[in-house]
Protein chains: 2
Amino acid sequence: MARVLTLQGEDFPRWYQDVVAKAELAENGPAKGQQVIRPAGFALWERMVEEVDARIKSTDTDNASFPLLIPQSYLSREAEHVEGFAPECWTVTHAGGKELEEHLVVRPTSETVIGEYMAKWVKSYRDLPLKLNQWANVMRYEMRTRLFLRSSEFLWQEGHTVHESYEDAHEFTLHILHEVYRDFMENVLALPILAGIKTVEERFAGALNTFTCEAIMRDHKALQMGTSHELGQNFAKAFGIQYLGSDGKQHHGWTTSWGTSTRMVGGLIMGHGDDAGLRVPPKLAPIQAYVMVVKDDAATVEAAEKIHAELKAAGIRSRLDKRGDVAFGRRAVDAELKGYPVRVEIGPRDLAKNEVTIARRIGEVGKTSVSIDGVSKAVAEALELGQQALFDEAQARLDSCTKEVSTLAEAIEAAQSGVAKVPWDLVGVEGEKQAAGEGITVRCL
Amino acid sequence: MARVLTLQGEDFPRWYQDVVAKAELAENGPAKGQQVIRPAGFALWERMVEEVDARIKSTDTDNASFPLLIPQSYLSREAEHVEGFAPECWTVTHAGGKELEEHLVVRPTSETVIGEYMAKWVKSYRDLPLKLNQWANVMRYEMRTRLFLRSSEFLWQEGHTVHESYEDAHEFTLHILHEVYRDFMENVLALPILAGIKTVEERFAGALNTFTCEAIMRDHKALQMGTSHELGQNFAKAFGIQYLGSDGKQHHGWTTSWGTSTRMVGGLIMGHGDDAGLRVPPKLAPIQAYVMVVKDDAATVEAAEKIHAELKAAGIRSRLDKRGDVAFGRRAVDAELKGYPVRVEIGPRDLAKNEVTIARRIGEVGKTSVSIDGVSKAVAEALELGQQALFDEAQARLDSCTKEVSTLAEAIEAAQSGVAKVPWDLVGVEGEKQAAGEGITVRCL
Ligand SMILES: [Zn+2]
Ligand SMILES: [Zn+2]
């Protein structure tokens, strides 16, 4: 079999580039740092959106849409925020053939414009909590870019909420971190997460605290997969988000913001991919079963169509490949590269025995013959075992590169040498503050 | 009952503004012509996206994502296109604190950038048809704007395809018009459609032909709800989209593009809304049944929760309102304003008789008592009848303001006085050309 990709062990970054290109996931856009997300890559993102959106909705957060362009003056209202984002902005100066009175920036994030509207909509404690989310494109100027991981434009979801108290806002920030982000990443993406807190230097511009979900990639480096920010009253004060409390007095709200982006596609690639290409966890996979004819004679195609229909009826996301004009071996290598969890291969020889071949890309890798009657069951089982196997593999990697500690003091000590894993419960709010005071991010570095 | 809205008969545009504001659908953004789509408005759009996206996918079109910013030089490659769009562009001149070598425009539409990539991806006739779609934001500078109907930034889907021949491209343009757009608009939005062809002056910049879906609003004006363009070989030539044919020779592809946008939300409002507010067709409605407690005593709330759960189990999109601290009358008026097709009202008096009240906003308007056991069935029936009633009402309006003709010649004559309705089959490709030659758009003007 011809080698399609650079080996991971040889050059991990080049392997990544190869997978993105050869699996036709994305390529560079015409202007600096932009990306074109191709159908195979976008299908992965669409599934992420579907799963994350359902979890966000389950927190009673509503989707909405705010403008792409933000007046420059909005950014300046929160001092740390403008300092953090101004150097990264893309600026619209002209429209309709003339210069604009006030220049507008393409949103690098929407705290400011959403803050402006929240201030109008929030009047009384009865309006709280106000929980909004948007799926949107944002832009930040980047000198060095990598597809999905760091690009000038990316797609993301940004949640923005206002609460009555510090406690409510704090609890919601953590609820999103754990019940939305970590739950999705561990149970769908099959990537165990280290939940950490960012140091003063790394935290979001204008935030009190930034919490992060980090996953360990196959090169043993950590990748930030999502963040949840406690913004305290900074934005509420800058934008005048005030409410009449049940005590009859005016109070500033407590806001949060939180986001996950197309960077998760990069995390999926580097967290599970191997020398043969992508490996997509079944619960995420847009294509879970890839039904292939070995030859395209009428009987084989008919059998394949029947099996494809049966798999779909069983709730399995199946795709049918009945091309006889592309060599079987080439199609099989391409299916490995694209990371489909299970292939169902159907040829005249199998059919003569009333069987098909199940080829597993994950879990107990390899091929098995099963009777045609048992295809749906065999595929469903392979998908379930494969999902668990990918998670176990990632968990073992995470364990091997982190040091377990049982007290906060130990954790802070271990972190001095760059490695620490602390049970979240152990840390708590006080622990977070203390760790942050010591300048520590709890992650595998 | 206090009047919440301007009456339609008094001032239709002001009624529209009132509904958009009072039902909390959208408001103006900070910069000129921008819009903020609020949760109630965005939920309508999300349902449109869900339904239209499923229909697009059923045509074997794949979703993808192309960059927001397009180099100015791209626009210039197709002469008519640059002439049509240049005056409407929003331009990014600076990024990362310095001026860009080439200015970039915020996409007004993506034919040019997608054409550039299609040229790379299409090599042989085996790569055709290539069918792509993206859900994206676009911007066009507008002097006079109206929320949803005409805004500087809007959300849309834009499909872009390349085909081997004129016939394939033509057929696909019409397939999208009828099987995707018209099917969605008639069967989900409950708005009967006049499918027409744009005159030379009105057609898309660079297109051979622009087909349009027009619906008749309650003020008897037509609104363009979606368009499908045959681009001929204009963009293929400008961007070098060429393929090696089965004849061993190089040919230029034939491209199409087609779009629907958040303007459809405006069409929904004006196509069905009445003096009490929105009326949302059940098949679209994010909230089909609104379960309300009359009082929030424990027994009533418990019964309401049970009915809400039962409706959801029956596949009905239900929302529960168990607020006892807002007057029932005010909540009922608000539910009318928001256009929920059916309310299920539950109070102690109903419960004593083991009944609830079904209030219909559409169809046979009014209230009926039904036994608690029969709620799901009664709601499902009311939704089905309501969907049909809204469609019938819109169809009657369309019939009353169009003139039926049976030949193309009659149609062209009738169109001179501004009114014509021609069966599509009668027109055909030749008819379209002839009608276009006479400068006629087949719509209710
Ligand atoms: Zn929680
Ligand atoms: Zn058709």
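Lettering follows sequence order; numbering is per chain, from 1. Quick caveat, the model's predicted, so the values are computed rather than measured.
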Proximity breakdown for B/Trp45 and chain A, heavy-atom pairs closer than 4.5 Å: neither
At a 4.5 Å cut-off on heavy atoms, which part of B/Ile114 comes close to chain A: side chain, backbone, both, or neither? neither
A/Leu68 versus chain B, the contacting section by heavy-atom distance below 4.5 Å: both
Looking only at heavy atoms and a cut-off of under 4.5 Å, which of B/Gly97, B/Pro87, B/Ser152 has the most pairs with chain A? B/Pro87
Answer with side chain, backbone, both or neither: which region of A/Asn28 has an atom nearer than 4.5 Å to a non-hydrogen atom of chain B? backbone
Region of B/Lys57 in contact with chain A, defined by heavy-atom distances below 4.5 Å: side chain
Measuring heavy-atom distances to chain B, does A/Glu102 have an atom under 4.5 Å in its side chain, in its backbone, in both, or in neither? neither
Bottom line for A/Leu155: the part with an atom under 4.5 Å from chain B's heavy atoms is side chain
By a 4.5 Å heavy-atom criterion (distance strictly below it), what part of A/Arg140 contacts chain B: side chain, backbone, both, or neither? neither
Less than 4.5 Å to any heavy atom of chain A: does that hold for the side chain of B/Asn63, its backbone, both, or neither? both
Please classify the contact between A/Val105 and chain B as side chain, backbone, both or neither, with a heavy-atom cut-off of under 4.5 Å. neither
Below 4.0 angstrom, N of the basic side chain to O of the carboxylate: do B/Arg323 and B/Asp321 qualify? yes
Part of A/Lys120 lying under 4.5 Å from any heavy atom of chain B: side chain
Heavy-atom contact with chain A under 4.5 Å, split by part of B/Gln134: neither
I'd like to know which of A/Asp62, A/Thr91, A/Val113 tops the heavy-atom pair count under 4.5 Å against chain B. A/Thr91
Between B/Leu69 and chain A, which part of the residue has a heavy atom less than 4.5 Å away: side chain, backbone, both or neither? both
Start with the C-alpha gap between B/Arg126 and A/Asp325, add the side-chain angles, then the distance that decides, and say whether side-chain contact (heavy atoms from CB on, under 4.5 Å) holds. CA-CA 10 Å; B/Arg126 286 164 197 262; A/Asp325 59 348; 3.0 Å; yes
Side chain, backbone, both or neither: which part of A/Glu116 has an atom under 4.5 Å from a heavy atom of chain B? neither
Would you please classify the geometry between the B/Phe239 ring and the B/Phe235 ring as parallel, tilted or perpendicular, with 30° and 60° separating the classes? parallel
Check the pair A/Met48 / A/Val265 against side-chain contact (heavy atoms from CB on, under 4.5 Å), numbers first and verdict last. CA-CA 9 Å; A/Met48 292 182 185; A/Val265 179; 4.0 Å; yes
Is it the side chain or the backbone of A/Gln35 that comes within 4.5 Å of chain B heavy atoms, both, or neither? backbone
